[in-house]
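Below is one structure, written out as C-alpha cells, with a few remarks after it.
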Amino acid sequence: MIREGVAEVLKKLLDTDDIPFNIPPQRELGDFSSAICLSLAKQKKRSPMKIAQELVELLRLRRPAYIQEMNISSPGYLNFKVDWGGLAKEIIPRVLKEGEFFEKPDSRLGEKVFIEHTSVNPNKAMHIGHLRNSVLGDTIARILKWNGFSIEVCNYIDDTGLQVVEVVTALLYLDPPYYQEGSDFSEIWEKAPADQPFDYFCWELYARFQNETEKNPSLLAKRETVLHQIEGGIHPIAGFAKELATRIVRSHLDTVAQLSIFYHLLNWESDIIARGFWEATFELLKEKGTLRFETEGPNEGCWVVPFGGVVETSEGMKSLDKILVRSNGSVTYTGKDIAYQLWKFGLLKKDFLYKRWGLQTDGEMLWTTARDGEPGDRLSKKFGHADRVINVIDTRQSYPQQVVVESLRKMGFEKEANQSIHLAYEVVNLSPLSARILGMEENGEKKAYAMSGRSGAGVKAKDFIQMVKQKVIEKADHPLEESVASALASAAIRYYLLKFTLESQIVFDFDEALKTTGDTGIYLEYAHARACSILRKAKEQKIEPEWRDDCIPDPLTGTEIGLLDALSRFSSTVIKISKTLRASQLTEYAFDLATSFTHFYEHPDPEADVQTPFIHLQDKGLQTFRLSLVKAFQIVMGNTLNLMGMPTLERI
RNA sequence: GCGCCUGUAGCUCAGAUGGACAGAGCUACGGACUUCUAAUCCGUGGGUCGGGGGUUCGAAUCCCUCCAGGCGCGCCA
C-alpha cells in the first residue's frame, strides 16, 4: 500500500517500470528507502545526489499517500518516513469493514486457469513427496482464485499405466487363489484384509511384486498379458483394474481431504484413450507438419517430434528427438500428454464424457470423466478451454514437459505454448536417520535417500498426518480437542511443505518435520487463536470498541508500527505470488505477520517497564485502537491462513 | 559428453527485479508466567555467502571458470 503509492508517482516522474525499495541501515533515516537515483545516475549522466534532490522537490508537490517526510542521504538514497497514523486511519477501518474481501482484486471474468496437481499413480498409498505436490498445487489455486482468476483444479488419474498393471497382476497372480478366466473376482478382492486400508495393502503388494519378479520371471509374462487386457478395455480384467484404481483414488482423496485439498475434476487416462484424443492429436500433428516418420536410424519405424537429431554421448549414439508413436504402433506417455494439453486449452475437437463423482467435505461437487457420462455441452459448466495451464509436476519431468510445450509451439499454438506453465519443484527425500527408522538400507555416505514406491520405501502420508497429530497432542500443555489436534496437524504439515523454495530439495527428517515451536504452522495458528482470545475476553467484559479516527495514538509505538507495516504488505505479497507462483513467499509473509503481532502483544509499549493488557487499559481511546488493531490482525491473518489452506482456529 | 538445479551461522532454511554493517528458526547459555494463551518473549554467542576471476559507484544476487552434490538426457510413465 505504502510503497506502491510512492512507486506509482516515481514511475510517472521517471518513466521507469522498476522502482526498487529497501530498508535503510538506521531507523532515523526513514522507514524505507530507494536507490533508484544511483542506478539512474549513469544514464542521465548526472550525480545521484542532484537527481535525488530534484526528485524530492517533485515528490513533495505530488505528496504520495502515507508519506510524512522525505530526505536524501549520500550517495543518493531517497529515504521515506511513513505517516503511520495516516496509514492506520485508512487501513484499520477498511480491514474491519471488508473482512475476507480486504484488498481482494476484482474478478477477471473470462480468464481461466487450469491447474493440475496430485496425479499420483492409483496403485498404492500416497507418501509425503506426493503431498508436497498436492499442497503446492492447492495453495497456488487458492491464491489465483483470490486474485480473481476463474480456476479449475484437476487430478489426473493414470489408470492404464504400468504401475496399475503391476498391482493388478500381483493381486491376481502372486498368491492363491489365482484368478481364473471367467470368475467374478470376489475371491480376489477377499485377499485384501479388512483390517488394513486398501491403499496400504497395495503399497506392500506393489513392493512385493518387484521382488517376486526377480525370482519368478513368468510374472513378467503375466504382466504383459494384463497390460494388453487393460489397454484393450474390453476384458473383465480391465473392469477389475478400473475398480482397483477407483478404490485407491478414494483413498487418495480421503488423504488429501485431511489437508483441505479438493478438486473440480478427475481426469482418467483410460478416458483419454477411449475418447480418441490421441487419434485426433495424431492427425493434427501430421497436418501441422510437426511429426516425422523415421525410416532409418535408431528410431526407425517411429513417429517423432524432431528436437536435434542423433548425437554421440559417452553411452553411445542417442536420439534427442522425442518418440510419440513406437515402431509397434503404440503411443508413448508424452504423446498422450500432448493430446491432454491440447484438450486443456480447448484445441482438440474431442471431449470427455462427464459425471458426478460425489460431494466433497468442503461441500463442492467433484466431477469425473467417465465412459457412461454425459457430453460436456449438456452440463451447466464447461471443463477445459483454459487460457492458462499450470501443471504441478516434480522437476525430474522438466524435459518431457518441455517437449509437450515445444510441440504445441511447433503446431503453431504459440499463445498456448506461452501460457503452459510447468510448476516444477524438487522432490522430497529422506534423511539418513529417517531412512534408518523406516528400515531402509543405508550405504552410509548419502545425505539423502529417495523414496521409492517400487521398493516400498517412504513415509506414507496418512501415517505422517497421524504422527504429527500425536506430537501436537503430546506437546500441548493442556488436553486438546480432537478437531483442534487435527487442525493443528494439518496446518503444521502444509506449512512445512510450503515453506521451502521450489528449487529446494526437502530432506525429510522426523525431528525437523514434527517440530511444534518457532517457524512452524503451529506458531501461525497460535498467533491467530491468541488474537481471537483477546477479542473474546474483551467481549466477555463488555468491551466492544467502536472505531474512531481520533483513537489513533501519536506517536505510535514500534511494535504497533511493525504490525501496521505487516498488514499493509498483505495485498502486494499475494499479488506478487500470483505472478511468481512461489508459495514459500506466502509462508514467509505469514510468519512475519504473526511475529509482528506477537511482538505487539508481548510489548505494546516497548519503552515502558510494564506492559498493560489491552483489556485493562484505562485510556479508552488507546484500548479502542489496540483492540481494533488486534481485530485487523485476526482478519488478515485469517485471510492469509485461508490462502495457504490452513484452518483458522479461534482457540487452541 | 550435453542440459537443468543446488552450495549462505553448528543444524534446517529465507534473502524476486544488483543497493547502505548478510536475516530467521532450531541448538547452546542466561533471563521473563498471581497477567489479554509462555506452543510465547527478551538477551548472549555464532558467517571470507563453496573457491577464484570479471562487470559495476556498489555483487549472496549478473557473467566466466573451477570444486562439491542432486536430477534429467528410455520405443518407462
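Heavy atoms only: backbone and side chains are in, while hydrogens, waters and symmetry mates are out. Quick note on labels: first sequence line is chain A, next is B, and so on, each numbered from 1.
Nucleotide B:rC33 has no partner under the Watson-Crick or G-U criteria, as no pair reaches both atom distances under 3.5 Å. B:rU55: no Watson-Crick or G-U partner with both key distances under 3.5 Å is found in any strand. Nucleotide B:rA14: unpaired (no Watson-Crick or G-U wobble partner with both distances less than 3.5 Å). Figure legend. B:rA60 is base-paired to no nucleotide; pairs are counted as Watson-Crick or G-U wobble with both atom distances under 3.5 Å. With a cut-off of 3.5 Å on both Watson-Crick or G-U wobble distances, the partner of B:rU48 is given as none. Across all strands shown, B:rA22 remains unpaired; no Watson-Crick or G-U wobble contact has both distances below 3.5 Å.
The nucleotide whose nearest atom lies closest to any side-chain atom of A:T501 is, among B:rG25, B:rA14, B:rC41, B:rA14. When distances run from any side-chain atom of A:T517 to the nucleotides B:rA77, B:rA38, B:rU40, the shortest one goes to B:rU40. For A:I652, the side-chain atoms get nearest to B:rA39 when compared with the rest of B:rC5, B:rU12, B:rA39. Comparing B:rC76, B:rA39, B:rA20 by their nearest atom to the side chain of A:T516 picks out B:rA39. Here the side chain of A:F500 is nearest to one of B:rG25, B:rC13, B:rA39, namely B:rC13. Of the candidates B:rC73, B:rA77, B:rA39, B:rC73 carries the atom nearest the A:L320 side chain, counting heavy atoms from C-beta on. In this structure, the nucleotide among B:rG19, B:rC76, B:rG25 sitting nearest to the side chain of A:F591 is B:rG25. Counting only heavy atoms from C-beta on, A:E503 has its side chain closest to B:rU6 among B:rC13, B:rU6, B:rC73. Which of B:rC26, B:rC41, B:rA77 sits closest to the side chain of A:H599 comes down to B:rC41. Nearest to the side-chain atoms of A:Y77 among the listed nucleotides B:rA39, B:rC13, B:rG19 stands B:rG19.
Look at the C1' atom in both B:rA20 and B:rG58: the space between them is 9 Å, to the nearest Å. Spacing of C1' atoms, B:rA59 relative to B:rG15, comes out at 14 Å, to the nearest Å. Nucleotides B:rC73 and B:rA14 place their C1' atoms 32 Å apart, quoted to the nearest Å. Nucleotides B:rA9 and B:rG23, compared at atom C1', are 10 Å apart to the nearest Å. B:rU8 and B:rC41 have their C1' atoms separated by 27 Å, given to the nearest Å. One C1' atom belongs to B:rG50, the other to B:rU6, and the distance between them is 11 Å to the nearest Å. Separating the P atom of B:rC66 from that of B:rC2 is a span of 10 Å, rounded to the nearest Å. Between B:rA39 and B:rC63, the distance separating the two C1' atoms is 47 Å to the nearest Å.
Between the side chain of A:R494 and the main chain of A:M644, a donor-acceptor pair closer than 3.5 Å is present. For the pair A:R132 (side chain) and A:E426 (backbone), a donor-acceptor distance under 3.5 Å is present. Side-chain N or O atoms of A:H422 include none that pairs as donor or acceptor with a backbone N or O of A:Y399 at under 3.5 Å. Proximity of a side-chain donor or acceptor of A:T559 to a complementary backbone N or O of A:H603 within less than 3.5 Å is detected. Listed for the A:N121 side chain is no donor-acceptor partner under 3.5 Å among the backbone atoms of A:N123.
Between A:E4 and A:K11 there is no salt bridge, since no side-chain N of the basic residue sits under 4.0 Å from a carboxylate O of the acidic one.
Side-chain rings of A:F633 and A:F600 stay apart, their centers remaining 6.0 Å or farther from each other. Between A:Y523 and A:Y495, the distance from one ring center to the other does not fall under 6.0 angstrom.
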Original post:
Should A:T501 and A:S504 be marked as a side chain to side chain donor-acceptor pair (under 3.5 Å) after you check the CA-CA gap, both sets of side-chain angles, and the distance that decides it?
Top reply: CA-CA 5 Å; A:T501 54; A:S504 179; 4.6 Å; no
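Side-chain atoms of A:D592 stay outside donor-acceptor range of the base of B:rA14, with no qualifying N/O pair under 3.5 Å. For B:rC41, the base has no donor-acceptor partner in the side chain of A:T598 [N/O atoms by modelled type, under 3.5 angstrom]. Between the base of B:rA14 and the side chain of A:S584 there is no donor-acceptor pair shorter than 3.5 Å. For a distance-only test at 3.5 Å, the side chain of A:N22 qualifies as a donor-acceptor partner of the base of B:rA20.
The residue A:Q397 sits close to a base: some heavy atom pair falls under 4.0 Å. Counting any heavy atom pair closer than 4.0 Å across all strands shown, A:E300 reaches a base atom. Among the protein residues, A:K336 comes within range of no part of the nucleic acid, since none of its heavy atoms lies under 4.0 Å from any strand. Across all strands shown, A:V472 has heavy atoms under 4.0 Å from base atoms, whether or not it also approaches the sugar-phosphate.
The CD1-P distance, from A:I323 to B:rC73, rounds to 13 Å in whole Å. One can place CD of A:Q585 at 11 Å from P of B:rU17, the figure rounded to the nearest angstrom. One can place CD1 of A:I506 at 20 Å from P of B:rG25, the figure rounded to the nearest angstrom. Per the geometry, CZ belonging to A:R223 stands 12 Å off C1' belonging to B:rA77, to the nearest Å. Distance A:L586 CG to B:rA14 P: 15 Å, rounded to the nearest Å. Spacing between atom NE2 of A:H478 and atom P of B:rA38 amounts to 12 Å, rounded to whole angstrom units. Rounded to whole Å, the distance from CD on A:E602 to P on B:rC36 is 13 Å. Following rounding to the nearest Å, A:Q26 (CD) and B:rA20 (P) show an atom-to-atom distance of 12 Å.
Close to B:rG15, at under 4.0 Å from its OP1 or OP2, lies no side-chain N or O of A:R582. One finds no side-chain N or O of A:Y523 lying less than 4.0 angstrom from the OP1 or OP2 phosphate oxygen of B:rA38. Considering only side-chain N and O atoms, A:R396 lies nowhere under 4.0 angstrom from the phosphate OP1 or OP2 of B:rG70. Regarding contacts with the backbone of B:rU40, every side-chain N or O of A:H603 stays at 4.0 angstrom or more from both OP1 and OP2.
Looking at A:I140, A:L581, A:N391 one by one, the single match for side chain to side chain contact (heavy atoms under 4.5 Å, CB included) with A:I421 turns out to be A:L581.
Across the interface with RNA chain B, nearest-nucleotide mapping of A:L488 and A:I615 shows A:I615 to be the residue nearer the 5′ end. Across the interface with RNA chain B, nearest-nucleotide mapping of A:E588 and A:G301 shows A:E588 to be the residue nearer the 5′ end.
Listed by residue number, A:Y526, A:A529, A:R530, A:S533, A:I534, A:K537 are the residues of residues 526-538 of chain A with a heavy-atom contact under 4.0 Å to RNA chain B.
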Please enumerate all protein N or O atoms sitting under 3.5 Å from an N or O of nucleotides 56-62 of chain B, with distances to 0.1 Å.
residue : atom : partner : partner atom : Å
B:rU56  : O3'  : A:K42   : NZ           : 3.3
B:rC57  : OP1  : A:K42   : NZ           : 3.1
B:rC57  : N4   : A:L38   : O            : 3.4

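To the nearest 0.5 angstrom, A:R223 atom CZ is 11.0 Å from A:H228 atom NE2.
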